[in-house]
Amino acid sequence: MKTTKTAGRKEHTAGIIIESIKQYVTRNYGLLIVFAVSFLITVLTAFFITASSETVYSFSIAEFEEGQIADRTIIADKTLEPTVEYPVAVTAGEKITRKGFAISAEALAKLEKMAATPAYIDYRAFADKLLYLTLLSALFFLLFSPALLTQVFSVKEGILTAVFFVAVYVSAGFGGKLSIFSSPFNLPIIIPAAFCGLLVSVLFGQLHAVFFSFLLSLGVLNADVANIIPALFVLASSLSAARIVRKIERRIDMVFVAVLLGLLQFVFMLAFRIIFLGSFTDSLLPLLMIALNGFLSGILALGFLTPLEILLNTASVFRLMDLSDLNNPVMRKMLLTASGTYNHSMMVATLAENACRAIHANSLLARVGAYYHDLGKMEQSEYFVENQTDGNKHDEINPRLSASVIKSHVKRGVEKARQLRLPPEVIDIIAEHHGNSLISYFYNEAKKQDDSILPEEFSYIGNPPSSKESAVVMLADTVEAACRTLKNPSVSRLEKFIHELIMTKFTHRQLDNSDLSFKDLAVIEDSFVQILAGYYHSRIEYPNQKDPDDEPAQAGQKNLELKNRKHQEEKQ
């Protein structure tokens, strides 16, 4: 009985594992295809590198010398006929060296023949590379998992990352075959590591670029296994590139990045020559070429950024800066057709940007998301209170229809955003800025008419915010709209009111997926209070300042006085 239960438990566990694998493959089949293709290309490259390398049993032929005591027995695995260049013959199964015995001149000649001939492939060296690449693949899946990357690794990111990795691997593997780049101090001249690091950092973020930098350096170490210098240089160069572009906001800044990167690469290679006792004879030109590699990486990255941003539709810093331009046609149309929504969006953007900056989230993404979060209100702007000047349109329709109109602005905003090809991160903010919260006013109005009304009928059809930026925009949207109704908005009243609004969102589970901590919420609350207190603070009444409401009465009084005076003059 116990054996049966144990077997059943094992079968159940195996079934769960198989089902999990199926679900993973179903969700990530596109990424897995990209990985498989790039892995195959890398393996083929490793094969050609091995086939063209002068190695025997994974050892470079330069490590063998005549008279040296062999530390292993080497047996030829195929017959090689004598040639003009290598007149010795090798017979399959022949012992070329014997462990513990000196290497003779004939044995050394046969080893050189085996290493140089195209017919001989060091399959052991290739197997070592294949195992290394397999382990590197496992590291890739670990580093770019949602747990460490803190976001989903998309197919478009996978494609570009794979292309860059293969480019660096091929350049490192075959570049060393050229005599001019055979020195480990010269090989980095043709490795585009800084270029790839810059683009990955700008397009996908700094954390992505840091992980990618480690993978690149380990890949270069596999491509040119005899030298650690190119791998260390690639690591230093790509990490520097990822760090330099962290704070830039204008495209012209890439020129300064290029200059700084060129200088850093010069310093890195100079330091490596000192550390690894490299020769300084005729080293100035290679060092200058290394610096040129860094400078051209920045300039070329600037040229490639715009087409890649459009093609991949990423929320890069430059793309977000372009979208934050309020002179674009969409924002101008919002200003004309829904001026109240426009002003509301500007205030929400200010609140969200400052709050995200305070909690070290992406403040630029929050600002752009806030600009476009109410994009769907432009088509029926008169049904939203901030745009109403001639009475409330909802007084003429029933609460259920009113709720339907209010809910529709989220769906329309998402549709409009996709038409404009806004980045997915911005579209997520538009789709999530109300979550699945209840439209309480119209729900309560409908409840008065029909007590059987369900809350789900008056709730937004959406998901709660899935990122810090999206959650901050939701809170800013709620706080800005609600504080407009607050009478006598003193600092203490604002603090209490804003705290209640934020806690309401928390208790309604709208912040569960956003990764905001209680500390973040406290910082966000303080940021909102500081800005709104400055916005609503009381102003000094200037001398001779008149109340506009009193102007008609004052004008009428003046006219009456002028008429009386004129009447008295006529009598006289």
Check the surroundings of atom [atom1] in [X]: do more than 12 heavy atoms from other residues, nucleotides or ligands lie under 6.0 Å from it?
X	atom1	result
Phe256	CZ	no
Arg250	CZ	no
Tyr443	OH	yes
Ile461	CD1	no
Phe304	CZ	no

When you compare the side chains of [X] and [Y], does any donor N or O come within less than 3.5 Å of an acceptor on the partner?
X	Y	value
Glu386	His344	no
His208	Glu157	yes
Gln265	Ser237	yes
Gln530	Asn354	no
Ser201	Gln206	no

Is there a donor-acceptor pair closer than 3.5 Å between any side-chain N or O of [X] and the backbone N or O of [Y]?
X	Y	answer
Ser381	Thr337	yes
Ser324	Met321	yes
Ser527	Val523	no
Asn328	Asp325	yes
Asp477	Val473	no
Ser470	Ser467	no

For the ring pair [X] and [Y], is the centre-to-centre distance below 6.0 Å?
X	Y	value
Phe35	Phe141	yes
His433	His409	yes
Phe518	Phe506	yes

Distance from [X] atom [atom1] to [Y] atom [atom2], nearest 0.5 Å?
X	Y	atom1	atom2	answer
Leu143	Phe214	CG	CZ	9.0 Å
Ile427	Leu422	CD1	CG	5.5 Å
Ile531	Asp526	CD1	CG	11.5 Å
Ile498	Thr478	CD1	OG1	11.5 Å
His373	Thr341	NE2	OG1	8.0 Å
Glu469	Leu364	CD	CG	10.5 Å

For Leu264 and Ile244, what are the C-alpha separation, side-chain angles and deciding distance, and is it a side chain to side chain contact (heavy atoms under 4.5 Å, CB included)? CA-CA 11 Å; Leu264 284 175; Ile244 291 171; 3.6 Å; yes
Test Glu309 against Ser316 for side-chain hydrogen bond (donor to acceptor under 3.5 Å, both in side chains), laying out the working first. CA-CA 7 Å; Glu309 285 172 338; Ser316 67; 2.5 Å; yes
Salt bridge (Lys or Arg N to Asp or Glu O under 4.0 Å) involving [X] - partner list, sequence neighbours excluded:
X	value
Glu457	Arg400
Asp512	Arg509
Arg367	Glu353

Quick one: which of Glu480, Lys377, Met334 gives a side chain to side chain contact (heavy atoms under 4.5 Å, CB included) with Ser345?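 The residue from Glu480, Lys377, Met334 that satisfies side chain to side chain contact (heavy atoms under 4.5 Å, CB included) with Ser345 turns out to be Met334.
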Hey, which of Ile248, Leu323, Leu203 is the one that makes side chain to side chain contact (heavy atoms under 4.5 Å, CB included) with Phe318?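 Of the listed residues Ile248, Leu323, Leu203, the side chain to side chain contact (heavy atoms under 4.5 Å, CB included) partner of Phe318 is Ile248.
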Do you know which two heavy atoms are closest between [X] and [Y], and how far apart they sit?
X	Y	value
Pro455	Leu438	O-CD1, 3.3 Å
Leu375	Gly413	CD2-O, 4.0 Å
Val491	Ala533	CG2-CB, 3.9 Å
Ala482	Phe497	O-CE2, 3.5 Å
Val234	Ala193	CG1-CB, 3.6 Å
Ala417	Ile430	CB-CD1, 3.6 Å

Is any side-chain heavy atom of [Y] closer than 4.5 Å to one of [X]?
X	Y	result
Asn513	Asn463	no
Pro489	Tyr535	no
Met254	Val245	yes

Check step by step if side chain to side chain contact (heavy atoms under 4.5 Å, CB included) holds for Leu216 and Phe164. CA-CA 9 Å; Leu216 278 186; Phe164 285 164; 5.6 Å; no
Tell me whether the rings of Phe153 and Phe144 are parallel (<30°), tilted (30 to 60°) or perpendicular (>60°).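 Phe153 vs Phe144 ring planes: tilted.
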Identified side-chain hydrogen bond (donor to acceptor under 3.5 Å, both in side chains) partner of Asn313 from the options Arg319, Lys156, Glu425: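 For Asn313, the side-chain hydrogen bond (donor to acceptor under 3.5 Å, both in side chains) test succeeds with only one of Arg319, Lys156, Glu425, which is Arg319.
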Non-neighbouring partners of Phe266 that pass ring pair (Phe, Tyr, Trp, His ring centres under 6.0 Å), sequence neighbours left out: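 Partners of Phe266 by the ring pair (Phe, Tyr, Trp, His ring centres under 6.0 Å) criterion come out as none, since no residue qualifies.
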For Tyr342, which residues count as a side-chain hydrogen bond (donor to acceptor under 3.5 Å, both in side chains) partner, sequence neighbours excluded?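 side-chain hydrogen bond (donor to acceptor under 3.5 Å, both in side chains) check on Tyr342 returns nothing, list empty.
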Checking Phe212 against Phe165 for the side chain to side chain contact (heavy atoms under 4.5 Å, CB included) test, could you report, in this order, the C-alpha distance in whole Å, the side-chain angles of both residues, the deciding distance, and whether it holds? CA-CA 9 Å; Phe212 183 61; Phe165 182 86; 4.2 Å; yes
Please determine if Glu525 and Lys496 form a salt bridge, counting it only when a charged side-chain N lies under 4.0 Å from a carboxylate O.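 Salt bridge between Glu525 and Lys496, a charged N being under 4.0 Å from a carboxylate O: no.
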Start with the C-alpha distance between Leu494 and Cys483, add both sets of side-chain angles, then the distance that settles side chain to side chain contact (heavy atoms under 4.5 Å, CB included), and finish with yes or no. CA-CA 8 Å; Leu494 282 171; Cys483 285; 3.9 Å; yes
Step-by-step side-chain hydrogen bond (donor to acceptor under 3.5 Å, both in side chains) determination, Gln510 to Asn436: CA-CA 8 Å; Gln510 296 299 305; Asn436 54 11; 2.6 Å; yes
For Ala241, which residues count as a side-chain contact (heavy atoms from CB on, under 4.5 Å) partner, sequence neighbours excluded?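 Only Leu198, Leu261 meet the side-chain contact (heavy atoms from CB on, under 4.5 Å) criterion with Ala241.
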